[in-house]
Amino acid sequence: MSPRKIIIDTDPGQDDAVAILLALASPDDLEVLGITAVAGNVPLPLTQKNARIVCELAGKPETLVFAGCDAPIARKLVTAEHVHGKTGLDGPTLPDPTMPLQDQHAVDFIIETLRAEEEGTVTLCPLGPLTNIAVALKRAPDIAERIQEIVLMGGAYFEVGNITPAAEFNIYVDPEAAKKVFACGAPITVMPLDVTHKALVTAERNNALRAIGTPVGIAVAEMTEFFERFDKEKYGSAGAPLHDPCVTAYLIKPDLFTGRHINVEIETGSDLTLGMTVADWWGVTDRAPNATFMGDIDADGFFALLTERLGRL
Ligand SMILES: [Ca+2]
């Protein structure tokens, strides 16, 4: 079977970095057509730079990296330096990238790629606010039916919120974009906090990553140690949740995850619950299902996959 073609849309972010590394470590499973950066955890000049730092760390400087939207569709950008540090990639000391940033705008790349590739063969992997994807859908509505699947990290149901009591960060930052994406009609698979809060980097799991002994293994261990300080304090959990790699792990090994095909709507009107993913987990409405909303993960299997794959870089 030929590898699945993906575009990673991202706001690195240490967990984005791990998601990208997992994809680049798995060329038999995933062909990364390009990486499109968006403003999110940190502003765009840093996310596009961080994406290139990660590609070079992976030893894949030939990867195409594009810069996209620098602000949400209708709101002021909210960032998360309190979690990810000033650079977005705090933890390891990594060199500034020398590989180029592509001239083309990320949105144009997404549109052109979906039009150029055979229909139903390109999967979008949004790991940050959904601005780039929504702007592409708005500008080129014809691409919606050409998308094989959108597999995204965002939202929550049982875990409710992490940036506000009601909302997860990626959806909260650009709720209008999320609304557009969830209504686009393409198959959508969601990795919400309900899943990612079970993908915890315990000391034992982090030791296994460090024990890979390569620059990638050591950098990943240092990244997770950095944002773990914040998460442990916040959640009192055994380790930091590794959000975004759930997306790329799902594409490699979908059996690690279970969920429900349900209706998910995005709150854009209420100040109190802005960006909430109103997920009809219990099927109490007759609204049509529009997303497969994951609820559980085989965390040991996930970390085994991650450790084995990162060891290949
Ligand atoms: Ca992210």
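From a predicted model like this one, the values you see are computed outputs, not experimental measurements. Remember, it's 1-based here, ligands and their atoms both numbered in the order they're listed.
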Could you tell me the separation between the CG atom of Leu209 and the CD1 atom of Ile218, rounded to the nearest 0.5 Å?
11.0 Å
Would you say the Ca ion (ligand 1) has Gly13 as a near neighbour, meaning an N/O/S atom of that residue under 3.0 Å away?
no
Under 3.5 Å, is there a donor-acceptor pair between the Gln148 and Glu119 side chains?
no
Quick check: do His84 and Asp90 have side-chain heavy atoms less than 4.5 Å from each other?
no
Heavy-atom side-chain contact between Trp282 and Arg260 under 4.5 Å:
yes
Looking at Asp11, which of its N, O or S atoms is the nearest one to the Ca ion (ligand 1)?
OD1
Note: OD1(Asp16)-the Ca ion (ligand 1)-OD2(Asp244) angle, rounded to 10 degrees, equals 70°
